[in-house]
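Below is one structure; the comments refer to it alone.
Values reported hereafter were calculated over all heavy atoms of this structure, with side chains retained and with hydrogens, waters and symmetry mates removed. Everything numeric here is computed off the predicted structure, so don't read it as measured data.
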Amino acid sequence: MAGYLGTYGEPSDITRQQERHYHLLSELQNLVKDLPSSFQQRLSYTTLSDLALALIDGTVFEIVQGLLEIQHLTEKNLYNQRVKLHAEHRGLKQELLKKHKEALQSCKAHNLPVLRSTQQKEIEALEQRIREEQRMMDEKIVLELDQKVIDQQSTLEKAGVSGFYGTTNPQ
């Protein structure tokens, strides 16, 4: 009993750490119960125990908090880039429509069919350009977010968190 009690009969640090480990392990086991069985099978008792040990001192929580902040800033930045692109596209459309309206007002009747055809082609070309730029922006966003996930996995692996390693496998 002397090895388990600290000064004045208080539980020793080892006992508190062990109790904390069991508590965290129990919480992790409860969380795993809510997962689909295919994921439950991948999380052995040993893996959960190792995760609980990694969580005891709070360092992993701090690392995860930092990674979360970086992720939020990245998402916000990417969102703002997408909004900016959308605003630019809206401006281009408005400019083109204004130009078309002015051209229609000054157009002679016999040139009207040619003008309308030309304007329709300009609109279609702009819409195609907008679709392509939007697709490229979306691909860039997905690639950047995928890279953030890999960075997070690598950071947690380097911190010694069980079960984490860099991968592009969505499973």
Side-chain angles (χ1 to χ4, degrees), residues 1-94 126-171:
M1 183 85 172
Y4 292 105
L5 295 179
T7 313
Y8 306 112
E10 297 174 5
S12 69
D13 287 343
I14 294 171
T15 304
R16 278 196 297 273
Q17 187 173 5
Q18 193 172 30
E19 288 172 357
R20 179 107 170 101
H21 175 252
Y22 289 137
H23 173 73
L24 289 170
L25 179 58
S26 174
E27 291 295 319
L28 287 171
Q29 288 172 322
N30 287 333
L31 289 172
V32 168
K33 288 178 186 175
D34 295 335
L35 295 174
S37 62
S38 61
F39 291 112
Q40 289 181 20
Q41 294 170 0
R42 295 180 185 190
L43 297 169
S44 68
Y45 177 86
T46 304
T47 301
L48 294 177
S49 180
D50 290 346
L51 284 172
L53 283 172
L55 295 172
I56 285 178
D57 74 352
T59 304
V60 173
F61 285 116
E62 291 176 23
I63 291 170
V64 170
Q65 187 62 39
L67 292 173
L68 186 61
E69 289 174 19
I70 292 169
Q71 180 178 334
H72 286 161
L73 290 173
T74 301
E75 289 172 353
K76 185 176 181 179
N77 181 38
L78 292 171
Y79 173 77
N80 288 336
Q81 288 178 30
R82 196 170 195 281
V83 167
K84 181 181 175 190
L85 181 66
H86 183 68
E88 290 172 8
H89 289 160
R90 193 171 43 245
L92 289 172
K93 284 182 187 178
Q94 289 173 348
L126 179 61
E127 288 174 348
Q128 177 61 32
R129 175 183 159 196
I130 288 171
R131 278 193 301 273
E132 182 64 18
E133 288 178 3
Q134 192 67 59
R135 183 191 61 75
M136 288 172 31
M137 173 62 80
D138 290 345
E139 284 180 9
K140 175 188 172 234
I141 288 170
V142 168
L143 289 173
E144 250 186 86
L145 291 175
D146 283 349
Q147 185 58 50
K148 280 294 170 218
V149 169
I150 291 168
D151 293 347
Q152 290 171 345
Q153 292 168 338
S154 175
T155 300
L156 291 171
E157 177 185 25
K158 288 175 185 171
V161 179
S162 178
F164 280 92
Y165 55 93
T167 180
T168 56
N169 181 346
Q171 293 295 322

- Task: Kindly indicate whether the side chain of E88, heavy atoms from C-beta on, has any atom under 4.5 Å from the side chain of E133.
- Result: no
- Under the side chain to side chain donor-acceptor pair (under 3.5 Å) rule, what pairs show up with a residue in residues 152-163, not counting sequence neighbours? Q71-Q152
- Task: Please identify each residue that fulfils side-chain hydrogen bond (donor to acceptor under 3.5 Å, both in side chains) with K148, with sequence neighbours left out.
- Result: none
- Message: I'd like to know if the side chain of H21 and the backbone of S49 have a donor-acceptor N/O pair within less than 3.5 Å.
- Response: yes
- Test item: D146 and T168 side chains (from C-beta on) under 4.5 Å apart, heavy atoms: no
- Message: Could you work out, with side chain to side chain contact (heavy atoms under 4.5 Å, CB included) as the rule, every residue matching R90, not counting sequence neighbours?
- Response: H86, A87, Q94
- Query: Would you call V32 and Q29 a side-chain contact if the rule is heavy atoms closer than 4.5 Å?
  - Reply: no
- Message: Quick check for you: to the nearest 0.5 Å, what is the distance between I56 atom CD1 and F61 atom CZ?
- Response: 10.0 Å
- Could I get the full list of side chain to side chain contact (heavy atoms under 4.5 Å, CB included) partners for Y79, not counting sequence neighbours? V83
- Under the side chain to side chain donor-acceptor pair (under 3.5 Å) rule, what pairs show up with a residue in residues 36-46, not counting sequence neighbours? S44-T47
- Item | Partner residues of R131 under the salt bridge (Lys or Arg N to Asp or Glu O under 4.0 Å) criterion, sequence neighbours left out | none
- Task: Return the set of residues passing salt bridge (Lys or Arg N to Asp or Glu O under 4.0 Å) with E144 (not counting sequence neighbours), or none when no residue passes.
- Result: K140
- Query: Can you tell me how far CZ of F39 sits from CG of D34, rounded to the nearest 0.5 angstrom?
  - Reply: 13.5 Å
- Message: Run the side chain to side chain contact (heavy atoms under 4.5 Å, CB included) test against V64 and tell me which residues pass, sequence neighbours left out.
- Response: V60, L156
- In Å and rounded to the nearest 0.5 Å, what is the CD1 to OG1 distance from I141 to T74? 11.5 Å
- Item | Contacts of type salt bridge (Lys or Arg N to Asp or Glu O under 4.0 Å), residue E132, not counting sequence neighbours | R135
- What distance separates I63 CD1 from L68 CG, expressed to the nearest 0.5 Å? 13.5 Å
- Item | Sequence-distant partners of N30, side chain to side chain contact (heavy atoms under 4.5 Å, CB included), two or more places apart | S26, K33
- So which pairs with a foot in residues 70-84 pass salt bridge (charged side-chain N to carboxylate O under 4.0 Å, His left out), sequence neighbours left out? R82-D138
- Item | Step-by-step side chain to side chain contact (heavy atoms under 4.5 Å, CB included) determination, V142 to E139 | CA-CA 5 Å; V142 168; E139 284 180 9; 5.8 Å; no
- Sequence neighbours left out, what pairs pass side chain to side chain donor-acceptor pair (under 3.5 Å) with at least one residue falling in residues 50-67? D57-T59
- Message: Quick one, R20 with R16, criterion side chain to side chain contact (heavy atoms under 4.5 Å, CB included). Give me CA distance, side-chain angles, the key distance, then yes/no.
- Response: CA-CA 6 Å; R20 179 107 170 101; R16 278 196 297 273; over 6 Å; no
- Test L43 against L28 for side chain to side chain contact (heavy atoms under 4.5 Å, CB included), laying out the working first. CA-CA 10 Å; L43 297 169; L28 287 171; over 6 Å; no
- Query: Checking side-chain contact (heavy atoms from CB on, under 4.5 Å) against L24, which of L53, L48, L55 comes through?
  - Reply: L55
